[in-house]
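Working notes, structure below.
All figures in this text were calculated on a predicted structure; none of them were measured in a lab. Count residues from 1 along the sequence.
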Amino acid sequence: MRKTIAAIAFAFMLSSTARATNGMRMIGFGPVQNSMGGVGVGATLDASSIASNPAGIADLGSRLDVGVGFFKPTVSYTATGTPLPPPFPPSLIASDGATIDSDRGGSPIPAVAYVRPLNEQLSAGLGVFAVSGMGVDYPTNLYLSKSLTSYMNARLAPGVAFKLNDMLSVGATVNVMMAQMEYDVAAATGQAKHSTATSWGAGATVGVEAKLSPMFSVGAAYETKSWFQDFSFNVPGGKDDLTFDQPQVATLGASVRPMEMLLLAADVQWINWADTMGKNLPKYAKNEGGSQAFDMSWKDQWVLKVGAQLTPMKGLDVRAGYDYGAMPLDRSRAFENLVFPAVAEHHFTLGAGYAVADKLTVQVTGMYSPEAKISGSNDGQAIAAYSTTMSQFQIDVGGSYRF
């Protein structure tokens, strides 16, 4: 059963082009976490905890959580150009400051997780998740040609949790990942189109959860850097091999239940973007096509997640949340911020779960990120002035089944 679930979900994710919100990462895993602003380290909400804090699955019993979201960003940019250096003639420059909208549509975002106890102390589980992604599809750009970028990352996470005593649990997962990437920015950079390349990666997540009292719990999780094979692109002249890993992430969380019907939770998260998307990164390990080097110059990101769950009546949970992460971009990297526009910062979420049967609960969630904007310039990239804007919404539906 678990192998079938994983295969279906993995195939589903490969057909999507997920675009994330905290930098390149989704704010949470599945409709329940998303409804509470992405919290999932200090509060164990459902089986998707195997991705956020695997220690939490020690007290869940046997359950299956399935969700699918529809994620839709609205992205546009406005820019004016400066004379391009050779070999680009000035006639290529579109300097009228027109606003260009990305044609990329919405994406399905699945999340599947199954956990079960093996004995009184040991629990195990398996999750499959869309973790991160980004991209645009502009029909034209500052240089009067198409600009396409796409990155997506899916994760298979088998894990275990061990209950040391009634108060303390620890857990770990092995993260097996697959990512796909393509980009076509030939007129802007003088390089060939890089058609879709696939890379496999690996990492791990470890976590701890402490129930300090019936009312109060704390948790911590650490996700290692995810090491990927180089993305290998066939280009005129040979191969371009791009080294593009995903960052380490550390999170602290806490939850409190001041009354039986109310749960409050918060997570603080650090994402080490500078190590994988920083100065002169990602980097070509082989550059036979003479492609222009990347320089994303992202900085590390701090994220705050808060959420509340109210149970006004038996079988009904109503949730709300908020996620904030300051954009990690460097304003001076003008062209990079047009084609990799990770500008979203504020995310507001609402959701509910309703028990339609003794063991089955349906879940629904909505997320909205209001328009965010970054502006700047870079004469060296032939961009005298630019601004990139993005807003996002996501709808999740799913179900939770307790065995």
Expected output: side-chain Glu223 to main-chain Gln248 donor-acceptor under 3.5 Å |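 No: the side chain of Glu223 does not pair with the backbone of Gln248.
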Check ion pair [X]-[Y] (N to O, under 4.0 angstrom):
X	Y	result
Asp275	Lys225	yes
Lys146	Asp137	yes
Glu345	Lys373	no

Side chain proximity check, Val249 to Arg25, heavy atoms < 4.5 angstrom |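 The answer is yes; the side chains approach within 4.5 Å.
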Hey, does Thr74 have a side-chain heavy atom less than 4.5 Å from the side chain of Gln392?
->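 SC-SC contact between Gln392 and Thr74 ruled out.
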Could you give the side-chain donor-acceptor pairs of residues 160-168 under 3.5 Å, partners two or more places apart or in another chain?
unit_1	atom_1	unit_2	atom_2	d
Lys163	NZ	Asp59	OD1	2.8
Asn165	OD1	Met167	N	2.8
Asn165	OD1	Leu168	N	2.8

Any chance the side chains of Gln229 and Trp200 put a donor and an acceptor closer than 3.5 Å?
->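 Distance-only check fails for Gln229 and Trp200.
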Going by distance alone, is a donor N or O of one side chain under 3.5 Å from an acceptor N or O of the other, for Asn337 and Thr388?
->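 There is no such pair (donor and acceptor under 3.5 Å, judged by atom type) between the side chains of Asn337 and Thr388.
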Taking atom CG of Asn280 as the centre, does the number of heavy atoms from other residues, nucleotides or ligands within less than 6.0 Å exceed 12?
->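 Result for CG/Asn280: enclosed.
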Give, for atom CG of Leu316 and atom CG of Leu310, the distance between the pair rounded to the nearest 0.5 Å.
->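 With rounding to 0.5 Å, CG (Leu316) is 8.0 Å from CG (Leu310).
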Identify which one of Tyr138, Phe233, Phe340 satisfies the ring pair (Phe, Tyr, Trp, His ring centres under 6.0 Å) criterion when paired with Tyr183.
->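 Exactly one option meets the ring pair (Phe, Tyr, Trp, His ring centres under 6.0 Å) with Tyr183, and it is Phe233.
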